[in-house]
Amino acid sequence: MTDATSVRPNSPDTLNNHDELSKVELAPQLAPGIAPVLPAGRPHLTMERYRDALERDGYAYEKGENIQAALSAPALDWIAMAREAGNNAPIDQNPGGREAGRRRYYDGGIYQRRAAAGKRFVRCSPCVAEGTGHEFTTYQQPPGMNRDYVAERRFAPFPAHLLDHPGAQDIIDVCFQATPSSLFPNQARGWLKVGLHLICLGSEGARPGISSPNRAHVDGELSTTIIMLDRYNVIGGESLVVERQFADTHPNEIPFEARRAELTLKRPLDMLTVDDRRLAHYVFPVFARNNTKGHRTVLLVDFTPLSPETSDQLLERE
């Protein structure tokens, strides 16, 4: 198993006091001159190295203080708002969601790479329930990806103020910059479907917060990026990256030699991306310290070509 630090780009820390990112004031505006001036359209050097690691190893990890240097001031403002919204997201009403302590928003849209900066992501309108008029979004994974849910799941859509904020565009741009060109067919890279998941795993008393599925898995999207927003008063929650053949397998049954990495997203903006074509992933349950109350809140951003092609189908085509 690879030590997580071996896949983290060797970029310098931009904050001397690492604890600053863990305080309530998450996103101070970047001081001028912290990030190098790059040609228009070129990603920050941190993201270039991150993308290279993802292409080489099938996954990439970076510390939050280095990701912060790659984000705009609006993106940092957005992260702070998303953290607050995620911690107070509605309970997942799908079977097992309440018992597992899951809170969740889900939304999606279309990402057009060649559109003007700030206008590349266009949200898809949520559905409206007959009778109640309540808005909801639907999420359905390809067959065989999550045997806990064979039908579509319904979630509350993101609060409008989050998706209307310019920082949302910047966050999606950065996540796209992390994806290597080999991840998508050339003809599909210009138009992509984007999924946005704001997930809070809460633990209270002896009850843990448990992800779904509670096994190593692939999602069906070709690329999933996890960004830590908030981790409060919990232990556990380690991320495990394993050989793809062990998808749908509990970690107890995964041999040590099949584990590619095991790391913990601890600080705000710590970031992990997994290539669904090559590897499976898992997050361990979180437990509140001393049987009190705590949570782990993350943002997931995934990309899929608009052509109906899952990661399994892409492997078959290749």
Side-chain angles (χ1 to χ4, degrees), residues 1-11 43-64 66-67 70 141-142 144-146 172 174-186 188-189 192-195 197 211 213 215-228 237-251 253-265 269-284 298-305 309-318:
M1 180 173 61
T2 305
D3 188 307
T5 57
S6 67
V7 298
R8 182 175 59 81
N10 295 319
S11 49
H44 189 277
L45 295 177
T46 293
M47 302 316 300
E48 285 193 340
R49 295 176 181 135
Y50 189 95
R51 181 176 60 200
D52 290 345
L54 177 59
E55 185 136 53
R56 180 184 65 242
D57 300 321
Y59 71 103
Y61 161 76
E62 181 56 274
K63 296 194 299 182
N66 294 329
I67 294 298
Q141 293 171 284
M145 296 294 171
N146 186 347
I172 296 170
V174 166
C175 292
F176 176 80
Q177 290 168 6
T179 62
S181 60
S182 63
L183 198 59
F184 307 111
N186 288 335
R189 189 167 173 82
L192 299 169
K193 182 174 71 173
V194 182
H197 312 248
S211 66
R215 300 174 295 278
H217 61 281
V218 293
D219 293 316
E221 295 88 13
L222 302 189
S223 165
T224 299
T225 294
I226 306 106
I227 301 175
M228 173 57 65
E238 297 89 352
S239 295
L240 182 65
V241 181
V242 303
E243 300 291 345
R244 198 178 194 273
Q245 70 190 76
F246 292 100
D248 201 33
T249 304
H250 191 275
E253 284 76 56
I254 299 176
F256 183 82
E257 58 270 18
R259 300 183 176 210
R260 296 285 297 275
E262 186 170 351
L263 53 95
T264 303
L265 305 180
L269 301 180
D270 282 0
M271 182 167 155
L272 171 68
T273 303
V274 179
D275 180 344
D276 217 47
R277 303 170 303 171
R278 295 188 278 168
L279 297 170
H281 60 279
Y282 173 74
V283 61
F284 287 87
V298 297
L299 172 70
L300 273 60
V301 182
D302 59 59
F303 293 96
T304 307
E309 190 166 43
T310 67
S311 51
D312 276 337
Q313 293 168 331
L314 181 59
L315 287 171
E316 292 174 1
R317 179 172 63 80
E318 292 179 340

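Since this is a predicted model, take the numbers as computed values, not measurements.
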Visitor: How close do Leu222 and Pro305 get, heavy atom to heavy atom, and via which atoms?
Guide: CD1-CD, 3.5 Å
Visitor: Does Glu221 reach the side chain of Asp276, with side-chain heavy atoms less than 4.5 Å apart?
Guide: no
Visitor: Would you find a donor on one side and an acceptor on the other, under 3.5 Å apart, between the side chain of Asp270 and the backbone of Met228?
Guide: no
Visitor: Residues two or more places apart in sequence or in another chain: which of them pass salt bridge (charged side-chain N to carboxylate O under 4.0 Å, His left out) with Asp275?
Guide: Arg277, Arg278
Visitor: With sequence neighbours left out, what residues match His217 under side chain to side chain contact (heavy atoms under 4.5 Å, CB included)?
Guide: Pro213, Asp219, His281
Visitor: Minimum heavy-atom separation for Val218 and Ala247, please, with both atom names.
Guide: N-CB, 4.2 Å
Visitor: If we only count heavy atoms from C-beta on, is the Leu240 to Pro251 side-chain gap below 4.5 Å?
Guide: yes
Visitor: Compare all side-chain heavy atoms of Arg215 with those of Thr249 and state whether any distance is below 4.5 angstrom.
Guide: no
Visitor: Are the side chains of Glu262 and Phe284 in touch, meaning some heavy atoms are under 4.5 Å apart?
Guide: yes
Visitor: Would you call Leu45 and Glu48 a side-chain contact if the rule is heavy atoms closer than 4.5 Å?
Guide: yes
Visitor: Find out whether His197 and Thr224 are in side-chain contact, i.e. whether some heavy atom of one side chain is under 4.5 Å from a heavy atom of the other.
Guide: no
Visitor: So, for Val174 and Ala70, which heavy atoms are closest and what is the spacing to 0.1 Å?
Guide: CG2-O, 4.0 Å
Visitor: Calculate, to the nearest 0.5 Å, the distance between atoms OH and OG1 belonging to Tyr59 and Thr225 respectively.
Guide: 15.0 Å
Visitor: For the atom pair NZ (Lys63) and OG1 (Thr46), what is the distance rounded to the nearest 0.5 Å?
Guide: 11.0 Å
Visitor: Assign the ring pair Phe303 / Phe176 to parallel, tilted or perpendicular, where the plane angle (0 to 90°) is split at 30° and 60°.
Guide: perpendicular
Visitor: Specify the closest pair of heavy atoms between Arg260 and Asp57, including all atoms of both residues, with the distance to one decimal.
Guide: NH2-O, 2.8 Å
Visitor: Are Leu269 and Ile227 close enough that some pair of their side-chain heavy atoms sits under 4.5 Å apart?
Guide: yes
Visitor: Considering all heavy atoms of both residues, which atom of Leu272 and which atom of Ser239 are nearest to each other, and what is their separation?
Guide: CD2-CB, 3.8 Å
Visitor: Ignoring hydrogens, what is the shortest heavy-atom contact between Phe246 and Ala216? Give both atom names and the distance.
Guide: O-CB, 3.7 Å
Visitor: Do Met47 and Ile67 have side-chain heavy atoms sitting under 4.5 Å apart?
Guide: yes
Visitor: To the nearest 0.5 Å, what is the distance between CG (Leu279) and CZ (Arg259)?
Guide: 14.0 Å
